[in-house]
Each structure stands twice: as structure tokens, then as C-alpha cells.
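By convention in this document, chain letters (A, B, ...) are assigned in the order of the sequence lines, proteins followed by strands, and residues within each chain are numbered from 1.
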Amino acid sequence: MPELPEVETIKRGLEKHLVGHKILEVKILDLKIFSGKKENLINGQVLAIKRVGKGLIIEFTNEYSLAIHVKMTGQLIYQGPKAMPLSPKVGGVLPNKHTRVIFILDRSAKLFYNDVRRFGWLKVILKNDVMSLPFFKGMGPEPFKDLTVEYLEKIFSKINTPIKTLLMDQAKIGGIGNIYANEALWQVKINPKRMANELTRSEVKRLYKAIHDVMEESIRHGASSSENYVDALGQEGRYQEHFEVYGRTGEQCNRCGNKIERIVIGGRGTFVCMRCQV
DNA sequence: ACCTAAACCTGGGCGC
DNA sequence: TGCGCCCAGGTTTAGG
């Protein structure tokens, strides 16, 4: 699922390829996922790309921004004039049947938004209003930015919910989703069912480091394409090859050899080694 | 206020 | 072959 490392990788790709382009035309193929006036983007030049949690913001030289959330199955793919082979997850050719928006750019380039499940959204909005969107407004501190051990100790101590559920709560911590919550907890041998307020100081400290470690490693490997994630050029990441627990039900734990189990916490699939995660 | 669970979607995998 | 069912899950919304 696109979480911080996946969205960060898309962001870096767009910074490299999309910045400087001008939008000539916007073709909206699915009204459900697009809001705001597309006219406000026409002839706008892309100035900067920002990421807030799992959300993206494309800023233009005029007073507008395009806020984007790809949710689970959204893909944002840039195609320059020289076509480059795309991952099979994109279907090889664009547009495909899941293409929801096509941005026609100057210099014979295009930007496609594909989304199988149609949960994602794109909003044209005044720059000054972006952070007042409910999604951005409620975002908690983020790894690699303003998240600190002291903050984690503070919120953990007063929240009575399983640690894994809390890690994925965007209002408390921005950017962590199911993959990295599972992976970080395995790294520090903490059972995802443990209540957040029962963690020791040392566990919180190690968890803080593990969150950064797994995400940094993921970004280094081009993020995770366990589902249909691809980067801004339609290429797959490789971090799924390094998963220790996520999606590995029935396989052996690389640390103790026990079988990885799938349990449900907060209505979400959770992967855990019941022997070494206590 | 705090916590849980359903709803939103579609395609893929499974059992029959 | 095909039908029905379950599952994936980030965020919002509704309910306890």
C-alpha cells in the first residue's frame, strides 16, 4: 500500500520529471475522484511537489495547488516524449481501463492518474487552503521530520489502544500504514496487540528507530510493490522482497523459524511471529 | 472524548 | 465454466 516511502518515492520522481512542465489540458475520465475546477490548472506551470504524510501536493506558479491522495491503488505516472517500458502493473500501455485523469503537458509529455478501486482523490484548491483540507489538517508529526521519541512516549502513555492501531493513526503519527507498522514491530520484537501505554521507555526508543530504519530501507529499494504500487515512471519497487512479516502468512520467521501468523487487529490484517514478538 | 466498526470500491482468489 | 463469497485497506463517517 502506498505509505510514506511509496509516496515519497513518487514525490521524488515527480520533482525530477514534472517540475517545470505546463499543463495544457486536463481530461477527467472519472468524475468521482476529481474535485475543484480543472480550468485553474490550465497554463499553470508546476513549481514544486510536496508530501504530507501519505498525501501529495503539486504546487503551480499561479495561486493553485493540486492535492492528491492515491489511497491503496492509485498510480501517478509521468510519460515523456520518449516512451519507456512500463511495469505489468500498469498494463504496459497508457491510458488503460483504470486511467481516471490524463494531464496533457507541454513538450509532448503526459501525466496519468490510474486507480483500480477509485478510492483516491485529486482536488484543485487554492494554495492557502490546502492545509485546511480535513486530511492535511489532522496530520500528526512525521518520521524524518518532526516526530520525536519524547512525543511518542507522551502519546503512548495516555492512549489505550493496541500499539499497531496507534502507529497507523495518521492524526497521531503521519505516514505509517499497515506494511511498515507490521515490519517495524517485528524488528523490535513487540507484539502488535500490546497496549501502547504498556510499552517501556526502551521499547519506545527502539520502536522509534525501527520505524525510521524500515522506511529508510524501503526508500533505498524503491519502496514496496506488494500490491500495485509503481513509481512516477511506472516502475516497480523492490522492498517487498525484504518483508519479514507482511503478507508472509505460513512462512518461516527469519529470526526464530516459527510460522508467521495472520491475525486481525482493529479490523485490519496483521502479521506477526507469535514466538519472538512478545 | 475516546474507541470501534462499517462504508467506500474493484479485482483476484477460492470453494463448490 | 461460472457463480457467490471473502479479502485487500486509508480515510471518513456513524455509532456505542
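In the set C:dG9, C:dT12, B:dT4, the nucleotide with an atom closest to the side chain of A:Phe135 is C:dT12. For A:Arg262, whose side chain is taken as the heavy atoms from C-beta onward, the closest listed nucleotide among B:dC3, B:dC9, C:dC7 is C:dC7. In this structure, of B:dC8, C:dT12, C:dG9, it is C:dG9 that holds the atom nearest to the side chain of A:Arg117. Closest to the A:His98 side chain, of the nucleotides C:dG10, C:dT11, B:dT10, is B:dT10.
Going from atom CD1 of A:Ile159 over to atom C1' of B:dC2 covers 10 Å, rounded to whole Å. Put simply, CD1 on A:Ile263 is 13 Å from P on C:dG9, counting in whole angstrom units. Rounded to whole angstrom, the span from the NZ atom of A:Lys71 across to the C1' atom of B:dA7 amounts to 11 Å. One can place CZ of A:Arg268 at 12 Å from C1' of B:dT4, the figure rounded to the nearest angstrom. The distance between atom CE of A:Met139 and atom P of C:dT11, rounded to the nearest whole Å, is 6 Å. Following rounding to the nearest Å, A:Ile176 (CD1) and C:dT11 (P) show an atom-to-atom distance of 12 Å. Look at CG on A:Asn228: it is 12 Å from C1' on C:dG9, rounded to the nearest Å. Across the protein-nucleic acid pair, A:Gln240 atom CD and C:dA8 atom C1' stand 16 Å apart, rounded to whole Å.
Within 4.0 Å of A:Gln170, counting heavy atoms only, lie sugar-phosphate atoms of the nucleic acid but no base atom. The residue A:Asn160 sits close only to the backbone: its heavy atoms come under 4.0 Å of sugar-phosphate atoms, none of a base. Across all strands shown, A:Arg118 has heavy atoms under 4.0 Å from sugar-phosphate atoms exclusively, and none from any base.
A residue-by-residue look at A:Phe136 and A:Met72 shows that A:Met72 has its nearest nucleotide of DNA chain C further toward the 5' end. Judged by closest nucleotide on DNA chain B, A:Lys172 is the one of A:Lys172 and A:Val116 placed further toward the 5' end.
In this pair, A:Phe144 and A:His212 present their aromatic rings perpendicular. The plane angle is above 60°, beyond the 30 to 60° band.
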Trace of the ring-ring contact (aromatic ring centres under 6.0 Å, His included) decision for A:Phe103 with A:His21: CA-CA 11 Å; A:Phe103 298 89; A:His21 269 292; over 10 Å; no

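The shortest side-chain heavy-atom distance between A:Pro162 and A:Pro192 does not fall under the 4.5 Å cut-off.
Within the shown strands, B:dC2 is the pairing partner of C:dG16 under the Watson-Crick or G-U definition, both distances less than 3.5 Å.
Judged by distance alone, the side chains of A:Ser87 and A:Glu236 do bring a donor and an acceptor atom under 3.5 Å apart. Under the 3.5 Å distance criterion, with hydrogens and angles disregarded, a donor-acceptor pair is assigned to the side chains of A:Ser218 and A:Tyr180.
For A:His69 and C:dG10, the shortest distance from a side-chain N or O to OP1 or OP2 is not below 4.0 Å. At the phosphate of B:dT4, OP1 or OP2 sits under 4.0 Å from a side-chain N or O atom of A:Thr161.
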